[in-house]
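One structure is given here, and the rest of the page talks about it.
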Amino acid sequence: MNKTLIIAEAGVNHNGSVETAMQLALAAKEAGADVVKYQTCVPELVVSRFAEKAEYQKRETGAAQSQLEMIRQLHFDWNGHRRVKQFCDAIGIQYLSTAFDLPSIDFLETLDLPFHKVPSGEITNLPYLQRIAACGKPALVSTGMCEMDEIAAAVEVLQQGGCGELTLLHCNTEYPTPYEDANLLALEALRARFGRRVGYSDHTAGVTAAVAAVALGACVIEKHFTLDKTQPGPDHKASLEPEELAALCRAVRDTERLLGGGEKHVTQSEAKNRAVARKSIVAQRPIARGESYTAENLTVKRPGTGVSPMRWYEVLGKKAPRDFEEDECIEL
């Protein structure tokens, strides 16, 4: 990837509606995202009927309903994903989905996706990692809630199992993530430890963290978005609305331009200003032909079209080849 891959994380913000999922795909395309990503699962294979909701899920959807009941309402079947994939192909945006169970991995393989996405919650799921690795494709690996040794273990499993190129996504799995917990410098720690490309799955409010991550070298940005933050559901309030997603995409592309190629050189835009801003050695007072140049009859002033002040000591003691007026650039 020669530019930052922007993944618009629709997730389950379609609230179980295939039609809404398609609207999200169109909104992501219009906002400038490269990929629109969903979540695929067989709820009964992912969540025990005894599993509680996360605190943010209770806050947004209430505590009476179980996590399993909530997830059942938020997902549509595999045929729905096929329809959404076909729609994404038709409008020209890459469809992607995160699988949360082994059959869903196998199903997504039938859709011929270019890579897989490992969510933070599956990074300690050995059978899951082995199945992802067996696909032989590149993978994005979210690292929320992880210690370094857990990431290392997952990377080893994926590598040994035949996975393609890995990109490690720094992530904090709280919705929204407090700014003080974003810890963006962990991007460099991941890069230094594993020698792999890094990205950022951003759960903070707003777009600042994602843009800062690009400035720190993230080559992938993933961000939740929704059509309407006021809709019911666990993730809407921590998501961007379409106009905010568009602002994020613009900011990321602007940041790429701002970063440049990394080598310090004179740019075309500034080259014309060198003569104006730099200085030359000039006559501090009138100098007669044959007079020696001295610290008393020379000084340094703009413009920078004459002899460079870096040659100051080379100039001292030489004879003036002609008469010079005050402030005139001297010659050798």
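Just so it is clear, the structure is predicted and the values come from calculations on it, not from any experiment.
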Heavy-atom side-chain contact between T4 and R253 under 4.5 Å: yes
Stepwise side chain to side chain donor-acceptor pair (under 3.5 Å) test for Q65 and Q73: CA-CA 11 Å; Q65 184 188 49; Q73 292 179 356; 3.1 Å; yes
Least distance between heavy atoms, E222 atom then S201 atom: OE1-OG, 2.6 Å
S292/K319 under side chain to side chain donor-acceptor pair (under 3.5 Å): CA gap, chis, key distance, verdict: CA-CA 4 Å; S292 294; K319 304 291 186 182; 3.0 Å; yes
Charged N-O contact under 4.0 Å between D254 and R250: no
Polar side-chain atom of E291 near backbone of A288 as donor-acceptor pair, under 3.5 Å: yes
Under 3.5 Å donor-acceptor, N13 side chain and F225 backbone: yes
Sub-4.5 Å side-chain heavy-atom contact between R274 and V266: yes
Flag, side chain of T143 to backbone of C146, donor-acceptor distance under 3.5 Å: no
Expected output: side-chain Q284 to main-chain L298 donor-acceptor under 3.5 Å: yes
Closest heavy-atom pair and its distance - A10, Y38: CB-CE2, 3.6 Å
Over all atoms of both residues, closest heavy-atom pair of A33 and A8: CB-CB, 3.8 Å
K117-S142 side chain donor-acceptor pair, cut-off 3.5 Å: yes
Heavy-atom closest contact (T61 atom, G233 atom, distance): CG2-C, 3.7 Å
Trace of the side-chain contact (heavy atoms from CB on, under 4.5 Å) decision for I287 with D323: CA-CA 6 Å; I287 299 174; D323 293 341; over 6 Å; no
Test log, rule side chain to side chain donor-acceptor pair (under 3.5 Å), inputs S239 and T226: CA-CA 6 Å; S239 302; T226 179; 5.6 Å; no
Heavy-atom side-chain contact between C88 and V36 under 4.5 Å: yes
ILVMFWY cluster, V157 and M148 together (side-chain gap under 4.5 Å): yes
Side-chain heavy atoms of L102 within contact of Y128, under 4.5 Å: yes
Candidate list T230, N15, D228, test side chain to side chain donor-acceptor pair (under 3.5 Å), partner H236, passing option: N15
Same apolar cluster: L74 and V42, side chain cutoff 4.5 Å: no
Heavy atoms from other residues, nucleotides or ligands near CD of E147 exceed 12 (cutoff 6.0 Å): no
Sidechain-backbone polar pair: D34 side chain, I6 backbone, donor-acceptor under 3.5 Å: yes
Residue pair V307 / E331, side-chain heavy-atom distance below 4.5 Å: no
Validation row: I71, F100 side chains within 4.5 angstrom (heavy atoms): no
Pair E19-R83, salt bridge (charged side-chain N to carboxylate O under 4.0 Å, His left out): steps then yes or no: CA-CA 9 Å; E19 288 69 27; R83 291 171 57 197; 3.2 Å; yes
Pairing of E296 and R285 as salt bridge, 4.0 angstrom limit: no
Candidate pair S66 and K53, rule side chain to side chain donor-acceptor pair (under 3.5 Å), full reasoning: CA-CA 7 Å; S66 71; K53 293 178 179 178; over 6 Å; no
Can you list, pair by pair, the side-chain donor-acceptor contacts under 3.5 Å of residues 21-29, counting residues two or more places apart and other chains?
unit_1 : atom_1 : unit_2 : atom_2 : d
K29    : NZ     : G92    : O      : 3.1

Close side-chain approach of H116 and C135, heavy atoms under 4.5 Å: yes
Within 6.0 Å of CD in E263, more than 12 heavy atoms from elsewhere: no
T167 side chain vs L140 backbone, donor-acceptor pair below 3.5 Å: no
Shared hydrophobic cluster, V12 / F76 (ILVMFWY, side-chain heavy atoms < 4.5 Å): no
Check ion pair E188-R191 (N to O, under 4.0 angstrom): yes
All side-chain hydrogen bond (donor to acceptor under 3.5 Å, both in side chains) counterparts of Y95, not counting sequence neighbours: H81
Intermediate values then yes/no, side-chain contact (heavy atoms from CB on, under 4.5 Å), T204 and D181: CA-CA 9 Å; T204 65; D181 288 343; over 6 Å; no
Side chain S104, main chain A99, donor-acceptor under 3.5 Å: no
Single-linkage hydrophobic cluster, 4.5 Å side-chain cutoff, F87 and L227 together: yes
Pair E44 + R49: basic N to acidic O under 4.0 Å: no
Non-hydrogen atoms of S280 and G306 that approach each other most closely: OG-N, 2.7 Å
Derivation of the salt bridge (charged side-chain N to carboxylate O under 4.0 Å, His left out) call for K58 and E55: CA-CA 5 Å; K58 292 178 182 178; E55 287 303 315; 3.6 Å; yes
Residues E244, K229: salt bridge by 4.0 Å N-O rule: yes
Whether E109 side chain and D106 backbone form a donor-acceptor pair below 3.5 Å: no
P321 side chain near L332 side chain, heavy-atom distance below 4.5 Å: no
Test item: N273 side-chain N/O and V276 main-chain N/O as donor-acceptor pair under 3.5 Å: no
Over 12 non-hydrogen atoms of neighbours within 6.0 angstrom of NZ in K237: no
Lys/Arg N to Asp/Glu carboxylate O, E328 vs R322, below 4.0 Å: yes
Residue pair V35, L5: steps toward the side-chain contact (heavy atoms from CB on, under 4.5 Å) verdict: CA-CA 8 Å; V35 178; L5 187 74; 4.0 Å; yes
hydrophobic_cluster_shared for L245 and I91, side chain cutoff 4.5 Å: yes
E325 versus A283, closest heavy-atom pair with distance: O-CB, 3.3 Å
Exam field: side chain S17 to backbone H14, donor-acceptor pair closer than 3.5 Å: no
Sole residue of K223, H224, H203 in side-chain contact (heavy atoms from CB on, under 4.5 Å) with E9: H224
side-chain contact (heavy atoms from CB on, under 4.5 Å) between Y179 and T177, intermediate numbers included: CA-CA 6 Å; Y179 268 32; T177 296; over 6 Å; no
NZ (K272) with more than 12 external heavy atoms under 6.0 Å: yes
Rounded distance [0.5 Å steps], OG in S120 versus CE in M145: 5.0 Å
